[in-house]
Amino acid sequence: MSRLLKIIRPLLTLAVAAIIVWTLWQRLAPQFEDLPAHATQPKPFDAAFIRLSPREIATLPIAARFDHPLGSPNAAMTYNARPFRIERHLGDDLNGIGGENSDLDDPVFAAGAGRVVYSGVPGPGWGNLVILAHRVPDAECPGDFAVVQTVYAHLEKITVRPNQSVQRGEELGTAGTAGGQYFAHLHFEVRQGPYINPSVGYADAPLNRIPPHAFISQHRGAPDDQGNPPPFLGAEEVEIEAQNK
Ligand SMILES: [Zn+2]
């Protein structure tokens, strides 16, 4: 009798397990089938979730020096039409000194050596957008480098490809109107960290943005006292100055 029980018990257990699985499947399977297509099919990637991998970060070009992205290296011929944090702005709006569309199709330059981590049209307000990622020497960061992104928006055209490495001063595209939405200007942002997301150009909080103009000024090269000294004001020039009075 106990022998028979020994054989029946595992069979019974198996049967009960099979019934449970079958019942659950009967309840759930129709629900899976009823799900709308967008719930079961893979979606195109969401830019909000892209983070540069440690390997990508380690291979980013090092950018110790930055220059202005529009106009001359000293940004002559441009002015800042809407500075950082004015009217919730997250960047600087660099505009040709002629105003309106005077800077339309002017070259936009990479502010520093970096890699193209985004290039495209993320949304109607942005128009053509390029994001560069840079490795900036910073003793206060782990590995002695900070990941910094520079953002170039409303471009008339883009002349770089994703994953392309660029030098400081290399042309990325030209200043534009985001498809006629604005007078031509360059919306320029500096962002901190490895998360790549076109995101927004205006917000109540500065998010991961830092003041672009101050950042460029801090990274223009050697400190002032290490460059060439200003011309020596000789005796002759003093005399001329005195005569003019
Ligand atoms: Zn702007």
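Counting begins at 1 with the first residue of the sequence. Order of listing sets the numbers, starting from 1, for every ligand and every atom in it.
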Q: Would you sort out whether Phe183 and Asn95 count as a side chain to side chain contact (heavy atoms under 4.5 Å, CB included), showing the intermediate values?
A: CA-CA 9 Å; Phe183 283 128; Asn95 205 5; 5.7 Å; no
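- With respect to the Zn ion (ligand 1), His187 has ND1 as its nearest N, O or S atom.
- Atom OD1 is the N/O/S atom of Asp93 found closest to the Zn ion (ligand 1).
- Take Tyr182 and apply the ring pair (Phe, Tyr, Trp, His ring centres under 6.0 Å) test, not counting sequence neighbours, and it matches His154, His185.
- Under 2.8 Å from the Zn ion (ligand 1) lies no N/O/S atom of His185, from backbone or side chain alike.
- Residues Phe66, Leu70, Leu94, Val108, Val116, Val130, Leu132, Val136, Val148, Tyr152, Leu155, Ile158, Val160, Val166, Leu172, Leu186, Phe188, Val190, Phe215, Ile216 make up the rest of the hydrophobic cluster containing Ile210, defined by ILVMFWY side-chain heavy atoms closer than 4.5 Å, directly or through other members.
- In this structure, the side chain of Gln149 engages the main chain of Tyr195 through a donor-acceptor pair within 3.5 Å.
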